[in-house]
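Read the numbers this way: they start at 1 and go in the same order the structure lists the ligands and their atoms.
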Amino acid sequence: MAGLLFIISAPSGSGKSTLVSEVRRLVSGLEFSVSYTTRAPRGSEEDGKEYHFITRERFERMIAADEFLEWAQVFGKDYYGTARTALTHAGEQGHDLLLDIDVQGALQVMEKMPEAVSIFILPPSPQVLELRLRNRSQAEGVTQEEVIERRLNQARTELSRIERYRYALVNDVLDQAASEMRSIVLTARSEASEEDGYLAASCETRAGSARLASSLSSFGVSLEHFPC
Ligand code: ADP
Ligand code: 5GP
C-alpha cells in the first residue's frame, strides 16, 4: 500500500467516531476503513456506512478465506474485522487509511505493519466516559445497564495497553483533541509546521503529559512503567 496507515483505538464512548469525523473535515486524503461486524446496527447506523453488518456465518467464511487483515471478538461477544481490500482500495486511490479498531486488532496490525502510526484516544475520566455512554444510549433510545457496565470495565483493560501506542490523546475538549490528531497526521506525512510538530510531539505516549497522567490515574492505571 502506498499511503500511510493510522490505527486508532479508544474505549467505546470516548468520542473516537466524533473526533475522527472532525479530523477528516480538517485534513483531506484520509480514507476510513469500514469494518465488518456481526453486531446489530445501533440508532441511525446504516449498512456500508458505519459498518458492513453481516451474519456470523458470513464472517466465519471470510475468516476461512483469509479475507481479514485483522479480526477480533470484542466484549467477548461480536466479531469485528478489517478487510484486506480496505488497504488495497486506499492504496489505489493514493489515500492514507484510518483504522478504528480495538486493542486486540491493533496489536495484530502493529505486528504485521510496524510502520503504522498508532493513536490511542482516552476519555478524561470514567465519570465522563459513563456520561457519554449514557447520553449516546439515550439519544439512540436504548439504555442497557449491562452494556454500559461492560463497556466501562472493558475501558480499564484497554487502557492498560496504552504504552503499545505511539500517541495518546485525551478527548476532553473536542476542538483541542481534533487539532492534536491533525498535527499527528501532518507530522506523519512530513507536512507539519514547526508548531504542529511540537503539538504532535507533546502527544507522544512516552512524553507522559499531565492530561494523560490525570486521565490514566482516574482509571487506576499508572504511568510508572512508561519511559519518560
Ligand atoms: P466512540 O466512537 O468512541 O464510541 P462517539 O463518538 O460515539 O464515541 O461519542 C460518544 C458520545 O460522546 C457521543 O454522544 C458524542 O457526541 C460525545 N462526545 C464525543 N466527544 C466529545 C467531547 N469532546 N466532549 C463532549 N462530548 C463528546
Ligand atoms: P462499537 O460496537 O462501539 O461500534 O465498537 C466496539 C469496539 O469494536 C470499538 O473498540 C471499535 O474500535 C472496535 N472495532 C470496530 N471495528 C473493528 C475492527 O474492524 N476490528 C477490531 N479488532 N475492532 C473493531
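- Counting atoms of ligand 2 from 1 in the listed order, those under 4.0 Å from a heavy atom of G105 are 22 (N).
- Under a 4.0 Å criterion applied to the non-hydrogen atoms of D100, ligand 2 contributes the atoms 11 (C), 12 (O), 14 (N), 15 (C), 16 (N), 17 (C), 24 (C).
- Side-chain N or O atoms of N171 include one that pairs as donor or acceptor with a backbone N or O of S14 at under 3.5 Å.
- Shown are T205, V103, V170, L169; of these, the side-chain contact (heavy atoms from CB on, under 4.5 Å) with F120 is made only by V103.
- Heavy-atom proximity to R42, at under 4.0 Å, picks out these atoms of ligand 2: 1 (P), 2 (O), 3 (O), 4 (O).
- Shortest contact from atom 19 (O) of ligand 2 to any protein heavy atom: S35 OG, 2.6 Å.
- When only interatomic distances are considered, the shortest N/O to N/O separation between V74 and ligand 2 does not fall below 3.5 Å.
- Not one N or O of E45 is nearer than 3.5 Å to an N or O of ligand 2, by distance alone.
- For atom 9 (C) of ligand 2, the closest heavy atom belonging to the protein is K16 NZ, 3.7 Å.
- Annotation for E115: atom CD counts as buried by contact number, over 12 foreign heavy atoms lying within 6.0 Å.
- Atom 5 (O) of ligand 2 has Y51 OH, 3.3 Å as its closest protein atom, hydrogens excluded (heavy atom only).
- Within 6.0 Å of atom CZ in R24, more than 12 heavy atoms from other residues, nucleotides or ligands are found, so the atom counts as buried in its surroundings.
- Ring centroids of Y79 and Y36 are separated by 6.0 Å or more, keeping the two rings apart.
- Protein heavy atom nearest atom 3 (O) of ligand 2, with residue, atom name and distance: R151 NH1, 2.9 Å.
- The backbone N or O of L69 sits less than 3.5 Å from a side-chain atom of K112, completing a donor-acceptor pair.
- For S21 (side chain) and S17 (main-chain N/O), a donor-acceptor pair under 3.5 Å exists by modelled atom type.
- Where the criterion is an N or O separation shorter than 3.5 Å, residue side chain and backbone included, R39 meets it with respect to ligand 2.
- Every protein residue with a heavy atom nearer than 4.0 Å to ligand 1 is included here: P11, S12, G13, S14, G15, K16, S17, T18, R132, R136, N171, D172, L174.
- A salt bridge links E45 with R39: the closest approach of a Lys/Arg side-chain nitrogen to an acidic carboxylate oxygen falls below 4.0 angstrom.
- Each of the atoms 3 (O) of ligand 2 lies under 4.0 Å from some heavy atom of S12.
- Against a heavy-atom cut-off of under 4.0 Å, T82 is close to the following atoms of ligand 2: 19 (O).
- Here E180 pairs with R211 in a salt bridge; the nearest charged N to carboxylate O distance falls below 4.0 Å.
- The pair E67-R84 does not count as a salt bridge, with every side-chain nitrogen at least 4.0 angstrom from each carboxylate oxygen.
- Scanning the protein for heavy atoms near atom 23 (N) of ligand 2, the closest one is D102 N, 3.0 Å.
- Geometrically, ligand 2 and Y36 share no nitrogen or oxygen pair separated by less than 3.5 Å.
- With contacts defined as side-chain heavy-atom distances shorter than 4.5 Å, the pair D47/P41 does not qualify.
- Between E70 and ligand 2, a contact under 3.5 Å exists for at least one N or O pair.
- The distance criterion of under 3.5 Å between nitrogen or oxygen atoms is not met by E158 with respect to ligand 2.
- For ligand 2, the atoms lying closer than 4.0 Å to a non-hydrogen atom of A72 are 22 (N).
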Using the salt bridge (Lys or Arg N to Asp or Glu O under 4.0 Å) rule, take R151 and E146 through it: C-alpha gap first, then chi angles, then the decisive distance, then the call. CA-CA 9 Å; R151 286 173 189 237; E146 175 244 341; over 6 Å; no

Output, in order, the C-alpha distance, side-chain angles, deciding distance and verdict of side chain to side chain contact (heavy atoms under 4.5 Å, CB included) for S9 and Y165. CA-CA 9 Å; S9 300; Y165 290 73; 2.8 Å; yes

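- Residue L97 is tested with I7, L30, L5, L4 for a side-chain contact (heavy atoms from CB on, under 4.5 Å); the sole match is L5.
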